Number of protein chains: 2
Amino acid sequence: MKKSHVELLKDHGISPSLTRIEVYNYLDYNRVHPNVDMIYKKLNKKLPTLSKTTVYNVLKLFVETGIVKEVTVGSQEARYEVILEEHSHFKCEVCGKLYDIPLVKTEHNFSGLEGFSVNEEVVLLKGICPSCQQKH
Amino acid sequence: MKKSHVELLKDHGISPSLTRIEVYNYLDYNRVHPNVDMIYKKLNKKLPTLSKTTVYNVLKLFVETGIVKEVTVGSQEARYEVILEEHSHFKCEVCGKLYDIPLVKTEHNFSGLEGFSVNEEVVLLKGICPSCQQKH
DNA sequence: GTCCTTGCAAAGCGTTTGCACAGAA
DNA sequence: TTCTGTGCAAACGCTTTGCAAGGAC
């Protein structure tokens, strides 16, 4: 049985304020790797007094707590996703959309890496997504 | 025999102005994935009238021409490197330094990627570098 | 003359900081 | 009262844009 988001926040020592619940809901129900502005614009409809600062505050808290991940893709702006089972990303070079794809493993024959301690492997595939290929 | 940087620029249709040669030299002789500010500060000693705008202009030209690559690692700021044989990167989570490492290949059994056309695979390893491990 | 390179100044955009107010404990 | 969550306003850092001056051709 799936835990409610409220419980999930509590389990991580985060007091479940309305704003925090809404941000987490949005991330979990809309797996589009939104940036701060998208989250703000969407939630602002429900929470008219919401400020961008608060969105930043909440996301920072979530990332520090480890329930949300900041995804680095292009440059300039941070994008966010709830932590799921491990997966990789595909970035479409035409429309810029970021897709979740099954985990791509590496052939880690880490020769030439003596002395380095590897904690994480990030794989990003780039190319053209199906919908951009059809527009041709 | 290795081509001079001047010839390399010419071959790519870039007229080899002093500024452009110096930027390319810097990138090729200092494989530290510098950001714009590092390049600017360094070259400003030799070229006192240099402006950051020009550094941006030159880098943009190089990236569009395909002789330099923009590396996306953390967020916020772009980092640059001359195009070498394919390799991967290792980012130290302690000191933030970015290392060139031998190419890490993926096990590309791209199931679940039907319809996607993959052009590039970016692998980034994260962990702790040898020098940060010793400081303990 | 025209085209290209350079660079100042300003604007733009994402993000962070300082501070203050209101509500909860 | 103290602590916590929120949010305005300003500052900040990286990047882009507009435009003009000087040099190359």
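Letters A, B, ... are given to chains in the order of the sequence lines, protein chains preceding strands, and every chain is numbered from 1. No experiment lies behind these values; they were computed from the predicted model shown.
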Residues which pass ring pair (Phe, Tyr, Trp, His ring centres under 6.0 Å) with B:His33, listed by chain and number, not counting sequence neighbours: B:His89

Whole angstrom value for the distance that separates P of C:dC4 from CD1 of B:Ile14: 14 Å

Length of the CG-P vector between A:Leu9 and D:dT4, whole Å: 17 Å

Atom-to-atom span, NZ of A:Lys60 to C1' of C:dT17 - whole angstrom: 10 Å

Rounded interatomic separation in angstrom, taking CG from B:Leu59 and C1' from C:dT5: 15 Å

Atom pair CG/OG1 of B:Leu43 and B:Thr19 - distance to nearest 0.5 Å: 8.5 Å

Distance, rounded to the nearest Å, where A:Ile39 contributes CD1 and D:dG7 contributes P: 15 Å

Set of salt bridge (charged side-chain N to carboxylate O under 4.0 Å, His left out) partners for B:Lys69, sequence neighbours left out: B:Glu120

Partner residues of A:Lys52 under the salt bridge (charged side-chain N to carboxylate O under 4.0 Å, His left out) criterion, sequence neighbours left out: A:Asp37

Most 5' of A:Asp37 and B:Leu61 on DNA chain C, judged by nearest nucleotide: B:Leu61

Counterpart residues, ring pair (Phe, Tyr, Trp, His ring centres under 6.0 Å), relative to B:Tyr56 (two or more places apart): none

Residue list, side-chain hydrogen bond (donor to acceptor under 3.5 Å, both in side chains) with A:Ser15, at least two apart or on another chain: A:Arg20

Gap between atoms OH and C1', on A:Tyr40 and C:dC13 respectively (whole Å): 15 Å

Table of protein N/O atoms under 3.5 Å from nucleotides 6-9 of chain C N/O atoms:
unit_1: C:dT6; atom_1: OP1; unit_2: B:Ser17; atom_2: OG; d: 2.7
unit_1: C:dT6; atom_1: OP1; unit_2: B:Thr19; atom_2: OG1; d: 2.8
unit_1: C:dG7; atom_1: OP1; unit_2: B:Thr49; atom_2: O; d: 2.6
unit_1: C:dG7; atom_1: OP1; unit_2: B:Thr49; atom_2: OG1; d: 2.6
unit_1: C:dG7; atom_1: OP1; unit_2: B:Leu50; atom_2: N; d: 3.4
unit_1: C:dG7; atom_1: OP2; unit_2: B:Ser51; atom_2: N; d: 3.4
unit_1: C:dG7; atom_1: OP2; unit_2: B:Thr54; atom_2: OG1; d: 3.0
unit_1: C:dG7; atom_1: O5'; unit_2: B:Thr49; atom_2: O; d: 3.3
unit_1: C:dC8; atom_1: N4; unit_2: B:Thr53; atom_2: OG1; d: 3.3
unit_1: C:dA9; atom_1: N6; unit_2: B:Thr53; atom_2: OG1; d: 3.3

Whole-Å distance separating the OH atom of A:Tyr56 from the P atom of C:dT15: 4 Å

